[in-house]
Trainee: 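What follows is a single structure, and I will ask about it in a moment.
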Amino acid sequence: MHTVYSRINNVSATLSTSLMVLLAAIACSSLLFTADPKGTLDVTSVKIFNGDSRRYSHRRGEYAFVNFNITADLSPLFNWNTKQLFLYLQAEYTNAQGVQNEVVIWDRIVRRKDDAVLKVVGKNKYTFREYSSKFKDVPPARYSLKYNLMPYVGLLTYGEAAQTTAPVQFPSAKERVE
Amino acid sequence: MFSDELKTLKRLGFRHVLLQVLNFASVLASGLMIWKGLGLLTNTESPIVVVLSGSMEPAFYRGDLLFLTNPPKTRYITGDITVYKIPGQGIPIVHRVLETHDVVKKYNGVRIVNPEDQLLLTKGDNNHADDIELYRGLDWLERQHIVGKVRGFLPYVGYVTIAMNDFPQLKYALLGGLGLLALIQRE
């Protein structure tokens, strides 16, 4: 009855069961942390310039350049099951043809609680183009700062940390920097 | 050591061996049923995937296990982490949605926005550029290419499968060992 094999079997079964229960408990504990911190987001300027498209050099397109300020304290989001915070700034608008667009223009990975107090004066990190390639007659866009809370184990959760108080207009395109 | 086991095998007889084979087959079958059942519930062809590359570091490392869902008639939003497979490219890719464009299409003369017509652009957190070069000539990622979105995360566990792929001997040793154990178990 008490062979080496059965002992190994029992010990490993107990270990793996308790490990699974512990991981499940940690994953569930994340549901108890419901911090929802809010910050402020200001879009200070939007400029649009003409340029060549990256893929097809013969095809011209318009590029938007956005400057923004973020102030937010997102440290309450950090709990014992927080691996990292993925922050992203998105522009959301419906163009003249009725196409709904969401475009991420900036992101940042926050891995420590100390870095979660944000004071960012930034500009877009990714190219911001319109789906139809022209920003002409495109209605104002809503900008918002969103986050994805990524755990050590368990469910991924999403939230919004800030948004502009009013939609921001797209100016008309310029050929070059003045 | 094995002579002892062989003796018990002889004593238990042919029926016992058959029974154990049947047991083994039922274990395999129920595993497959759970996998396919999960796939039906989550509406995706593979509800659990193993991360194979480092393009989403530091969020996901090689060998982490991801749980997917693919709810029908639902939009994908920026920040969602998708798993997609471009036709002609064997390995599914786990990357984050950077842009979504809900295009308007005509259905029976009526122009509507259907979530299934959504066009996406993705990017790996650890990559500098977006994925447009990975789309094999497509301008956008289409919904039909998407396997699912990541909902849950379990670290390291998937490394077993990576190890089995890298060292096939390990796979055969494991399968052989399990089969042998199933045959000579006494109860």
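Throughout, protein chains are lettered first and strands after them, A, B, ... in sequence-line order, and every chain is numbered starting at 1. Since this is a predicted model, take the numbers as computed values, not measurements. Note: hydrogens, waters and symmetry copies are ignored here, and every other heavy atom, side chains too, is used.
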Trainee: Count the heavy atoms belonging to other residues, nucleotides or ligands that lie under 6.0 Å from CG of A:L32, then report whether that count exceeds 12.
Mentor: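 Yes.
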Trainee: Work out which heavy atom in B:D125 is nearest to a heavy atom in A:I109; give both atom names and the distance.
Mentor: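 It is CB-CD1, 4.2 Å.
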Trainee: Taking side chain as everything from C-beta outward and backbone as N, CA, C, O, which of these in A:L23 sits under 4.5 Å from a heavy atom of chain B? Side chain, backbone, both or neither.
Mentor: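 Just the side chain, heavy atoms under 4.5 Å.
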Trainee: Should the heavy atoms of other residues, nucleotides or ligands under 6.0 Å from CZ of A:R108 be counted, would the total exceed 12?
Mentor: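 No - once you tally the heavy atoms of other residues, nucleotides and ligands closer than 6.0 Å, there are 12 at most.
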Trainee: Non-hydrogen atoms of chain A under 4.5 Å away: do they reach the side chain of B:I81, the backbone, both or neither?
Mentor: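 Contact with chain A is through both the backbone and side chain of B:I81.
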Trainee: To the nearest 0.5 Å, what is the distance between CG (A:D107) and CG (B:L98)?
Mentor: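 These two atoms lie 7.5 Å from each other.
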Trainee: Using non-hydrogen atoms only, which part of A:Q97 is less than 4.5 Å away from chain B: side chain, backbone, both, or neither?
Mentor: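 Backbone only.
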Trainee: Working to the nearest 0.5 angstrom, can you tell me the gap between A:Y126 OH and B:E99 CD?
Mentor: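 Going from OH on A:Y126 over to CD on B:E99, the span is 11.0 Å.
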Trainee: Name, in order of residue number, those residues of residues 134-157 of chain A that have a heavy atom at a distance of less than 4.5 Å from a heavy atom in chain B; otherwise write 'none'.
Mentor: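 Checking residues 134-157 of chain A against chain B gives A:N148, A:M150, A:P151, A:Y152, A:V153, A:G154, A:L155, A:L156.
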Trainee: Between the side chain of A:E102 and the main-chain N/O of B:T78, is any donor-acceptor distance below 3.5 Å?
Mentor: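 Side chain of A:E102 to backbone of B:T78, a donor-acceptor pair under 3.5 Å: yes, one is there.
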Trainee: When you look at OH of B:Y107, are more than 12 heavy atoms from neighbouring residues, nucleotides or ligands closer to it than 6.0 Å?
Mentor: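 Counting other residues, nucleotides and ligands, OH of B:Y107 exceeds 12 neighbours.
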Trainee: If the contact rule is any heavy atom under 4.5 Å from chain B, which residues of residues 65-82 of chain A qualify, in numerical order?
Mentor: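 Under the 4.5 Å heavy-atom cut-off, nothing qualifies.
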Trainee: Restricting to non-hydrogen atoms, name the atom on A:Y131 and the atom on B:L119 that form the minimum distance, rounded to 0.1 Å.
Mentor: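 Closest pair (atom of A:Y131, atom of B:L119, distance): OH-CD1, 3.2 Å.
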Trainee: If I compare all heavy atoms of A:K83 with all of B:P58, which pair ends up nearest, and what's the gap?
Mentor: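 Closest pair (atom of A:K83, atom of B:P58, distance): CE-O, 3.5 Å.
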Trainee: For residues 110-125 of chain A, give me every residue with a non-hydrogen atom less than 4.5 Å from any non-hydrogen atom of chain B.
Mentor: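 Hits under 4.5 Å: A:R111.
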Trainee: Do B:L66 and B:V147 share a hydrophobic cluster, counting only Ile, Leu, Val, Met, Phe, Trp and Tyr and linking them when any side-chain heavy atoms are less than 4.5 Å apart?
Mentor: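 As far as the 4.5 Å side-chain criterion goes, B:V147 and B:L66 are connected within one cluster.
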Trainee: Could you see if A:M20 belongs to whatever hydrophobic cluster contains B:L65? Use Ile, Leu, Val, Met, Phe, Trp, Tyr and a side-chain cutoff under 4.5 Å.
Mentor: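 Different hydrophobic clusters.
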Trainee: Roughly how far, to the nearest 0.5 Å, is the CD atom of A:Q100 from the CZ atom of B:R75?
Mentor: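 Spacing of CZ (B:R75) from CD (A:Q100) equals 5.5 Å.
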Trainee: Are B:V21 and B:L19 grouped together when hydrophobic residues (ILVMFWY) are joined by side-chain heavy atoms under 4.5 angstrom apart?
Mentor: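 No, B:V21 and B:L19 fall in different hydrophobic clusters.
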Trainee: In Å, rounded to the nearest 0.5 Å, how long is the span from CE of B:M56 to CZ of A:F86?
Mentor: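 Separation between the atoms: 7.0 Å.
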Trainee: I need the A:Y158 OH to B:D80 CG distance, nearest 0.5 Å.
Mentor: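 These two atoms lie 5.0 Å from each other.
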Trainee: Are any non-hydrogen side-chain atoms of B:R96 and A:V104 less than 4.5 angstrom apart?
Mentor: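 A side-chain contact is absent here, since even the closest heavy-atom pair is not under 4.5 Å.
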Trainee: Determine whether B:F67 and B:Y76 fall in the same hydrophobic cluster, where Ile, Leu, Val, Met, Phe, Trp and Tyr are linked whenever their side-chain heavy atoms lie under 4.5 Å apart.
Mentor: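 They do not share one cluster, since no chain of ILVMFWY contacts under 4.5 Å joins B:F67 to B:Y76.
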Trainee: Let me check something: do B:V157 and B:L38 share a hydrophobic cluster, defined by ILVMFWY side-chain heavy atoms less than 4.5 Å apart, either directly or through other members?
Mentor: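 Cluster IDs for B:V157 and B:L38 match.
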Trainee: Any pair with a residue in residues 152-180 of chain B that passes ring-ring contact (aromatic ring centres under 6.0 Å, His included), sequence neighbours left out, goes on the list, sorted by first then second residue, please.
Mentor: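 For residues 152-180 of chain B, and leaving out neighbouring residues, the ring-ring contact (aromatic ring centres under 6.0 Å, His included) pairs sorted by first residue read B:F60-B:F153.
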